Amino acid sequence: QRAASCARRLRAAGVSAGDRVVICAENRPDYPVAETALLAIRAVPVPTYTTNTVDDHAHILRDSGARAAIVSNDAMAAKFRAAAAQADGLDLLVTMDGPDWAALLSDTAPPDDIALETTTIPPGALACLIYTSGTGGAPKGVMLPHRSILSNCAGAFELVRPLKLRDETYLSFLPLSHSFEHTVGQFFLLSIGTEIVYARGVEHLAA
C-alpha cells in the first residue's frame with residue numbers, strides 16, 4: 001500500500017520510466033518502500049552509501065545521470081544539495097524524515113493498479129544501478145536488470161530450501177546499498193515472507 005502510494009506520487013512529481021533516482025538512507029522500513037515504488041514505475045533506483053563524501057555523491061549524480069534523490073534526513077539532504085551544486089543539479093529532493101515523504105505515502109487508494117503495472121515490466125529492463133565502494137578508484141555503477149535480481153532470489157531459495165525456513169526474523173545491518181544486502185537482505189527475504197528488523201547501527205548489535 002505504501003509503495004503504491006509512493007509510486008503514484010513520485011510519478012505525479014515528474015519521476016518517469018528510466019529516470020535515475022538516488023536513495024541514500026540508513027537501513028529502515030522506508031528504504032524498501034522507496035525502492036519498490038521506483039521499480040514499479042520503471043524508474044531506476046541508485047542506492048548509495050550514507051558514508052559517502054559530498055564529492056562521492058557528486059560523482060554518482062553525474063555518472064548515473066540522476067536528477068532526483070530520496071534521502072533519510074536533513075543532514076543528508078544538505079550533503080546532496082552541496083553535491084548537486086557540483087553536478088547537474090537536482091529536480092527533486094525528498095527527505096524521509098520530512099513532510100514531503102509523508103505526503104508521498106498519503107494516497108490510500110488500493111495498490112491494484114500499481115501491482116498490475118509491474119506485470120508488464122520486461123525481464124531484461126534495467127532495475128537498478130549498484131555502485132562499487134570505490135576501493136579501486138572512483139565508484140563504478142553496475143547495471144542490474146530485473147531478471148538478474150529475480151534469478152539470484154530463485155537460486156538462493158533453492159539453496160536454503162533444505163533449511164525449511166518458516167516465520168523467520170532477519171536482522172539487517174549491512175548497508176542496503178551493499179550488493180549482498182540489497183539482493184539478499186531486501187528482495188530475497190521479502191520474497192519468502194521473512195520479517196526484517198533493521199538495526200539502529202552496528203554499535204547496537206550486541207543489544
Side-chain angles (χ1 to χ4, degrees), residues 1-3 5-7 9-10 13 15 20-40 43-61 63-64 66-84 87 90 92-106 127-135 139 141-142 144 149 168-191 194-207:
Q1 176 67 52
R2 296 175 74 199
S5 171
C6 188
R9 294 297 175 91
L10 284 171
V15 177
R20 275 63 167 164
V21 181
V22 169
I23 304 176
C24 190
E26 299 75 17
N27 292 12
R28 54 195 289 174
D30 293 320
Y31 203 114
V33 169
E35 185 150 15
T36 301
L38 291 167
L39 290 169
V44 179
V46 184
T48 59
Y49 291 95
T50 58
T51 52
N52 281 354
T53 65
V54 169
D55 287 346
D56 289 333
H57 289 310
H59 163 72
I60 290 171
L61 288 175
D63 190 68
S64 68
R67 300 286 309 207
I70 300 173
V71 302
S72 54
N73 52 44
D74 289 340
M76 195 62 66
K79 271 190 171 183
F80 268 83
R81 289 189 189 96
L90 282 172
L92 179 67
L93 179 60
V94 176
T95 304
M96 290 177 176
D97 288 344
D100 42 0
W101 179 248
L104 289 179
L105 304 181
S106 63
C128 62
L129 290 172
I130 293 286
Y131 273 80
T132 61
S133 59
T135 52
V142 179
L144 295 178
I149 295 172
E168 303 292 331
T169 300
Y170 174 83
L171 177 62
S172 174
F173 63 91
L174 282 176
L176 283 168
S177 52
H178 186 281
S179 58
F180 176 86
E181 196 71 2
H182 185 257
T183 293
V184 177
Q186 180 167 261
F187 294 116
F188 171 63
L189 292 174
L190 289 175
S191 76
T194 298
E195 178 183 12
I196 299 175
V197 176
Y198 295 102
R200 290 174 292 160
V202 176
E203 68 277 13
H204 297 289
L205 283 181

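The structure presented is a predicted model; accordingly, all values stated were derived computationally and were not measured.
Counting heavy atoms from C-beta outward, Tyr198 and Pro32 have side chains that approach closer than 4.5 Å. Counting heavy atoms from C-beta outward, Leu205 and Leu171 have side chains that approach closer than 4.5 Å. At a threshold of 4.5 Å between non-hydrogen side-chain atoms, the residues Leu105 and Val33 count as touching. Residues Ile23 and Leu38 are in side-chain contact: their nearest non-hydrogen atoms beyond the backbone lie under 4.5 Å apart. Counting only heavy atoms from C-beta outward, the side chains of Ser106 and Arg9 approach each other to under 4.5 Å. The closest side-chain heavy-atom distance from Leu92 to Leu10 is below 4.5 Å. Residues Pro139 and Thr132 form a side-chain contact, since some pair of their non-hydrogen atoms from C-beta on lies under 4.5 Å apart. At a threshold of 4.5 Å between non-hydrogen side-chain atoms, the residues Ile130 and Pro47 count as touching.
When all heavy atoms of Leu90 and Ala84 are compared, the closest pair comes out as CG-CB, 3.8 Å. Minimum interatomic distance between Phe187 and Ile149 (heavy atoms only, all atoms of both residues): CD1-CG2, 3.8 Å. What you find for Tyr49 and His178 is that their closest heavy atoms are OH-CA, 3.5 Å. Nearest heavy atom pair, residue His57 against residue Ala83, reads CB-CB, 3.6 Å. The two atoms that bring Thr50 and Ala25 nearest to each other are CG2-C, 3.5 Å, heavy atoms only. The two residues Pro175 and Glu181 make their nearest non-hydrogen contact at O-CB, 3.4 Å.
Separation of atoms CE (Met76) and CD1 (Ile70) is listed at 14.0 Å; rounding is to 0.5 Å. Between Leu129 atom CG and Thr48 atom OG1 the span is 11.5 Å, to the nearest 0.5 Å. Taken from NE2 in His182 to SG in Cys128, the straight-line distance is 4.5 Å, to the nearest 0.5 Å. Summarising the geometry, atom CZ belonging to Arg28 is positioned 4.5 Å from atom CG belonging to Asp97; distances are rounded to the nearest 0.5 Å. Within the model, atoms CG of Leu93 and CZ of Phe80 stand 8.0 Å from one another, a figure rounded to the nearest 0.5 Å. The distance from the CG atom of Asp63 to the OH atom of Tyr131 is 3.5 Å, given to the nearest 0.5 Å.
Side-chain atoms of Thr194 and Glu168 form no donor-acceptor pair, as typed in the model, at a separation below 3.5 Å. Checked by atom type, the side-chain pair Ser72/Glu26 shows a donor-acceptor distance below 3.5 Å. Neither side chain, Arg2 nor Thr36, offers a donor N or O lying under 3.5 Å from an acceptor on the other.
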